[in-house]
Amino acid sequence: MKEVCIIGLGYIGLPTAAMFATHGVKVKGVDVKQEICDTINGGQIHIEEPYLADLVKQSVLKGMICCSTKVESTEAYIIAVPTPITSDKKADLSYVVSAGEKVAKVLQKGDLVILESTVSPRCTIDVLRPVLEKSGLIAGEDFYLAHCPERVLPGQIIYELEHNNRVIGGINDESAEKAKDLYSTFVKGEIYVTDTITAELCKLMENTYRDVNIALANELAKICEKLGCNAWDVIKYANKHPRVNLHTPGPGVGGHCLAVDPWFIVEATEGIAQIIDLSRKTNDSMPSYVAEKISALVPEKAKIVILGCTYKPDVDDMRESPIMELVHHIKDQYMVQIVDPFIEEFDKNIYEVSNDADLIILGVHHKKFKDVSFEVLAKIMKKPVLLDTRNFFNKEKVEKFGFAYHLIGCAR
Ligand SMILES: NC(=O)c1ccc[n+]([C@@H]2O[C@H](COP(=O)([O-])OP(=O)(O)OC[C@H]3O[C@@H](n4cnc5c(N)ncnc54)[C@H](O)[C@@H]3O)[C@@H](O)[C@H]2O)c1
C-alpha cells in the first residue's frame, strides 16, 4: 500500500504515522484539532515521546506526512481516536463513531478500514461496521474491516511499535490478512490474525489481567493489616514458588488503560464479569483506604506533604491518578501539599514545602525521590512521620533519623 490515512494524531496515531512514513507509506494525517495539524505540518510535535520529533520532522520535510482536519479518499484508514469512560464507567465510543462517519463519506470499494483504538468487545462489528456501511458498501464484501489494538508503552513507543507482537482481528480472513500486510511494512514482531471480537478481548484482557492481579495484592495488603503481618513479606516468600507471581499493593490504579479497559468488559457482559468488576472496585477503594490510614496517624488540620501525583513512576501523566483521588478525599481535613518533579505545578523544593509538616506520604515511587534526605526532613518537620504506599524507602534507614515509618500492607 502506498498511502494511508490516520485519524487521531495523539500518542498512538502520530507515532504510527511516523513509522509508516519512514517506511515508504505516505500518510494523510487527520485530527479534529487544527492546531495539532498545523504543528505537525510545521515539522513539530505536540506530545512528548523519545525519537518521535526527529522522525516526524524528517517525514514532513520529505512530504511523507501531511495533515488536515478533513478525511480525504485513500486506500486505507486507521482510526486511533480516544475511547475514554464516562463518569458512570461506560465506554464513550462517540469519537469512534464520529471518525467512522467521516470515513464512510469517502469510502470506496476495495478500501481497508482498521480500528486501532482500544474498544469494547463487539465494537468493531456492532458499532463501527454499521456506521461505515452508511456509505452503501458492505463490510467484508465491498471493503475490508479489521481491529488492530495497540500495546505500546509510553516512553518507548517507537521501539515497541516496531518490535512488539501484534494481534489483528478481521471481520473475515481477507480483512485480517490485508491489515497484516499493511502493518508488516514496519512491524518486526509476530503478527497473529484472528477475528475482531478475539482481538478486542485480547487487548482488554491484557490490561484486565494486570488490574485483577493488582487488586489481589491490594486485598492482601488489607488482609495483612487486619491479621497483623506484612504483605510485602508474604509476597516475597510466596513468589519463591515457581508458579506464583503475586503483584504489589499501592494507593490505587490509574492511567488511561488499566483503570479504564476492564470497565468495557463489565459493561458489555451484564453481570458476568464479577471478578473484573470487584477488582476495579477494590483498586478504586485504595485512595479512601489510604485516607483512613492517614486519619489514624495525624489529627485534623495536620500538614501533609505527598511525594508524587502521576499515575505511575517517572512519567508526567496524571490521567486517573489515584493520588489525586486521595487528595480529593483529604483536602478539606488537612493542609495538603504535593511535590512532583514531573508536573510543573508541583515541581517544588521538598524541604521548603515540608517545613513544619506532620506527615510525609510517598505516593509515587519516582526514582528522583531516592535522594530525599530524611536526616534533613526529620529536623524541619513538626513530627517526622512517613507513610510509604509503595515500599520504596528503607525502613531502618528512615527510622535511624527518628522517623515513625508506616507501610501500606504492613501491621508492624
Ligand atoms: N496512549 C497509549 O499509551 C495507548 C496505548 C494503547 C492503546 N491506546 C488506545 O489508543 C487510542 C488513542 O489513544 P491516544 O493515547 O493516542 O489518545 P490521544 O488523546 O493522545 O489522541 C487522540 C487524538 O484523536 C483526536 N480526535 C478525537 N476525535 C477525533 C475525530 N473524530 N477525528 C479525528 N481526530 C479525532 C484528538 O484530537 C487527539 O489528538 C485509545 O483508544 C487508547 O485507549 C493508547
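Excluded from the calculations below are hydrogen atoms, water molecules and symmetry mates; all remaining heavy atoms, backbone and side chain alike, are included. As the structure lists them, so they are numbered: ligands from 1, and atoms in each ligand from 1.
For ligand 1 and Ile7, the ligand atoms under 4.0 Å from any heavy atom of the residue are 32 (N), 33 (C). The ligand atoms of ligand 1 that sit less than 4.0 angstrom from a heavy atom of Ile36 are 39 (O). For ligand 1 and Ala99, the ligand atoms under 4.0 Å from any heavy atom of the residue are 31 (N). Numbered from 1 in the order shown, with element, the atoms of ligand 1 that lie under 4.0 Å from a heavy atom of Leu9 read 23 (C). Contact atoms of ligand 1 toward Pro154: 3 (O) (distance under 4.0 Å to a heavy atom of the residue). Near Gly10, meaning under 4.0 Å from any of its heavy atoms, are these atoms of ligand 1: 16 (O), 18 (P), 20 (O), 21 (O), 23 (C).
Counting protein heavy atoms only, atom 15 (O) of ligand 1 is closest to Tyr11 CB, 3.5 Å. Shortest contact from atom 41 (O) of ligand 1 to any protein heavy atom: Thr83 OG1, 2.6 Å. Scanning the protein for heavy atoms near atom 28 (N) of ligand 1, the closest one is Tyr95 CD2, 3.4 Å. Closest to atom 37 (O) of ligand 1, if we only count protein heavy atoms, is Asp31 OD1, 2.7 Å. In terms of protein heavy-atom proximity, atom 19 (O) of ligand 1 is nearest to Pro82 CG, 3.9 Å. What sits closest to atom 31 (N) of ligand 1 on the protein, heavy atoms only, is Ser98 OG, 2.9 Å. Among protein heavy atoms, atom 24 (O) of ligand 1 sits closest to Gly8 CA, 3.3 Å.
By the 4.0 Å N-to-carboxylate-O rule, Arg122 lies too far from Glu200 to be salt-bridged with it. Note on Glu101 versus Lys134: salt bridge recorded, some NZ/NE/NH1/NH2 to OD/OE distance being below 4.0 Å. Salt bridge annotation for Asp358-Lys303: absent, with no cationic side-chain nitrogen under 4.0 angstrom from a carboxylate oxygen.
Lys397 NZ: 12 or fewer foreign heavy atoms inside a 6.0 Å radius. Heavy-atom contacts from other residues, nucleotides or ligands closer than 6.0 Å to NZ of Lys28 number more than 12. Annotation: Lys89, atom NZ; neighbour count of heavy atoms from other residues, nucleotides and ligands within 6.0 Å is above 12.
Residue contacts with ligand 1, taken as heavy atom pairs separated by less than 4.0 Å, do not involve Asp261 at all. Residue contacts with ligand 1 for Glu116 are absent, since no atom lies close enough (heavy atoms, distance under 4.0 Å). If you look at Ser117 next to ligand 1, the close heavy atoms, those under 4.0 Å, come from the backbone and the side chain alike.
Relative to atom 30 (C) of ligand 1, the option among Leu93, Ile6, Val32 with the closest non-hydrogen atom is Val32. Atom 6 (C) of ligand 1 has its nearest heavy-atom neighbour, among Lys33, Glu150, Glu49, in Glu150. For atom 2 (C) of ligand 1, the nearest non-hydrogen atom from the set His256, Glu101, Glu160 comes from His256. One option in Val103, Thr16, Val71, Val81 has a heavy atom closer to atom 29 (C) of ligand 1 than any other, and that option is Val81.
Ligand 1 is approached by Lys203 to a heavy-atom distance shorter than 4.0 Å. Under a 4.0 angstrom heavy-atom cut-off, Arg151 registers as lying outside contact with ligand 1.
Partners of Asp277 according to the side chain to side chain donor-acceptor pair (under 3.5 Å) rule, which considers only residues two or more places apart in sequence or in another chain, are Lys281.
The aromatic rings of Tyr159 and His163 lie parallel to each other, with less than 30° between the two planes, well short of the 60° mark. Between Phe20 and Tyr183, the ring planes are tilted. Angles from 30° to 60° get that label.
A 4.5 Å side-chain heavy-atom check between Leu278 and Gln274 finds every atom pair outside the cut-off.
Of the polar atoms of Lys102, at least one N or O is found under 3.5 Å from an N or O of ligand 1, judged by distance alone. Annotation: Thr118 places an N or O atom under 3.5 Å from an N or O atom of ligand 1; distance criterion only. Looking at ligand 1, you'll find an N or O of Ile12 within less than 3.5 Å of one of its N or O atoms.
Taking the centre and axis of the six-membered ring of Phe392, the NZ or CZ atom of Lys370 falls inside the cone set by 45° and 6.0 Å.
Ring centroids of Phe393 and Phe374 are separated by less than 6.0 Å, placing the two rings close together.
Shown here, atom 17 (O) of ligand 1 is out of close reach of the protein: none of its heavy atoms lies under 4.0 Å off.
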Determine, step by step, whether Glu190 and Arg166 satisfy the salt bridge (Lys or Arg N to Asp or Glu O under 4.0 Å) criterion, reporting the C-alpha distance in whole Å, the side-chain angles of both residues, the deciding distance to 0.1 Å, and the verdict. CA-CA 6 Å; Glu190 291 290 332; Arg166 298 191 83 116; over 6 Å; no
Would you check, one step at a time, whether the test salt bridge (Lys or Arg N to Asp or Glu O under 4.0 Å) holds for Lys2 with Glu75? CA-CA 8 Å; Lys2 292 202 175 67; Glu75 302 165 79; over 6 Å; no
Anything under 3.5 Å between a donor and an acceptor, one on a side chain of residues 254-266, the other on a protein residue two or more places apart or in another chain? List them.
{"unit_1": "His256", "atom_1": "ND1", "unit_2": "Arg319", "atom_2": "NH2", "d": "3.3"}
{"unit_1": "Asp261", "atom_1": "OD2", "unit_2": "Asn207", "atom_2": "ND2", "d": "2.7"}

